Amino acid sequence: MNRDSLFPTYAPPELQFSHGKGSWLTDTSGRQYLDFIAGISVNTLGHAHPDLVEALHTQAQKIWHLSNMFDVPGQAELARRYCELTFADRVFFTNSGAESIECALKSARKFHAEQGHPERIDIIGFEGAFHGRTYATVNAAGNPKYLEGFGPRLPGYKQAPFGDMDALRAMTDEHTAAILIEPVQGEGGLRPAPTSYLEALRELCDAQGILLIYDEVQCGAGRTGQLFAHQWSERAAPDLMATAKGVGGGFPLGMCLATGDVARHMVPGTHGTTYGGNPLAVAVGTAVLDHLTAPGFLENVRERSAQLHGELNRLKTKYPDLVTEVRGKGLLAGFKLGSGLNTAMRDRLRENGLLAGVAGDNTVRLAPPLNVSAAEIEQAIAIIDGALESLQRVPVAAAGSSQ
Ligand SMILES: *Cc1c(COP(=O)(O)O)cnc(C)c1O
């Protein structure tokens with residue numbers, strides 16, 4: 001395929017998919033692949049789910065787009081349902097994860113400004129975080145690789161070491177507006193923050209009048225077996241939360257959720273979006289939520305998660321020299337390999353019919369559709385087993401970059 005007319009930002013393999021069904025993708029030669037990356041944790045119900053196809057099709061015959069200058073059919077109702085299911089009182093719809101984070105960051109600063117503290121602008125993020133590719137989000141995550149060459153760093157962004165409460169406490173002061181954390185780090189290497197750590201963050205924020213922002217763009221939408229990952233604890237609710245990816249099931253949809261106290265300052269003129277939560281996105285997002293809240297859906301996610309993690313741990317025991325750690329939470333799972341081996345492993349898995357991703361810290365990332373079957377997980381594990389076995393027999397040269 002000739003990609004000369006595209007920005008060279010991506011370098012995909014020589015492979016073209018023609019269609020998908022459930023957890024399976026078919027390429028143009030007719031070969032089938034088991035999709036355990038699901039558009040990076042996006043295709044919640046797999047490919048071409050009939051309910052999502054129908055929701056999109058039905059809405060497409062009515063109204064595609066209005067902009068938010070008119071009431072978008074179904075939007076307020078979808079927001080109401082998410083509020084009922086979470087800490088939130090209000091929702092702002094977006095098209096992407098980065099935009100959802102942007103809305104959360106702006107809302108946090110606006111909140112303090114309205115309290116008479118415009119000097120409280122600092123957002124404390126964490127090392128290894130990923131929040132998107134806009135200016136604010138690359139500054140919030142602070143990954144030097146994503147900042148280099150794009151001008152000076154923006155003021156008001158700091159990073160604390162992940163999981164170190166004392167280091168974090170030492171960084172908060174009268175300029176701190178918010179703490180921003182992924183309850184499970186995705187790109188950074190599938191690192192879950194312990195629930196006790198999130199609870200401690202909540203306490204710290206309450207004590208110092210700091211807002212707590214979760215980035216559940218990747219770990220939300222049922223991925224960990226709760227609707228949102230922080231809901232594994234009842235004492236870790238945030239003030240703001242960004243989500244996207246899985247909530248649209250493949251249609252671009254994101255949300256910034258907030259308490260009423262915070263959201264009430266985002267009055268007309270303060271923020272906006274042309275496409276965010278448009279009729280097509282809302283129709284699909286509503287159908288996704290119907291599934292996420294259907295009886296037994298999250299139970300299945302938990303059962304499949306236990307199966308996947310159990311099997312990955314078995315492989316770790318079987319290949320102790322290759323697999324150094326099993327990572328992640330729920331169906332956002334991964335395993336850590338020796339330096340630079342994760343990309344080689346991902347390529348070998350693909351050659352053997354399993355689509356996986358990589359993440360930081362030499363991890364291979366697995367994020368299958370949430371309605372994946374037990375048999376499909378068995379098939380994926382068999383392919384991983386085979387690839388580890390071949391890697392043990394024929395080691396590859398470590399391939400530099402891990403992401
Ligand atoms: C993917 C991701 C983002 C950015 O989402 P986009 O839709 O690509 O803008 C932000 N945060 C996390 C945790 C993500 O995984």
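Since the structure is predicted, the reported quantities are computational estimates derived from the model, not experimental observations. Each ligand, and each atom within it, is numbered from 1 in the order the structure gives.
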Considering only distance and modelled atom types, tabulate donor-acceptor pairs under 3.5 Å from the side chains of residues 377-385, sequence neighbours left out.
from: D385; atom 1: OD1; to: K318; atom 2: NZ; distance (Å): 3.1
from: D385; atom 1: OD1; to: Y319; atom 2: OH; distance (Å): 2.4
from: D385; atom 1: OD2; to: K318; atom 2: NZ; distance (Å): 3.0

Can you tell me how the ring of F162 sits relative to the ring of Y197, calling it parallel under 30°, perpendicular over 60° and tilted otherwise?
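The rings of F162 and Y197 sit tilted, inter-plane angle from 30° to 60°.
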Could you tell me how the ring of F228 sits relative to the ring of Y82: parallel (under 30°), tilted (30 to 60°) or perpendicular (over 60°)?
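Plane angle between 30° and 60°, so tilted.
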Quick one: list whatever passes salt bridge (Lys or Arg N to Asp or Glu O under 4.0 Å) with R133, sequence neighbours left out.
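Not a single residue meets the salt bridge (Lys or Arg N to Asp or Glu O under 4.0 Å) criterion with R133.
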The criterion is salt bridge (Lys or Arg N to Asp or Glu O under 4.0 Å); which residues satisfy it with E376, sequence neighbours excluded?
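If we apply the salt bridge (Lys or Arg N to Asp or Glu O under 4.0 Å) test to E376, skipping adjacent residues, there are no hits.
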Let me know which protein residues bring a heavy atom to under 4.0 Å of ligand 1; chain then number is fine for ordering.
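Ligand 1 pocket, heavy atoms under 4.0 Å: S96, G97, A98, F130, H131, G132, E182, D215, V217, Q218, K245.
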Testing the 3.5 Å rule here: is there a donor-acceptor pair between the side chains of S100 and T94?
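Indeed, the side chains of S100 and T94 share at least one donor-acceptor pair under 3.5 Å.
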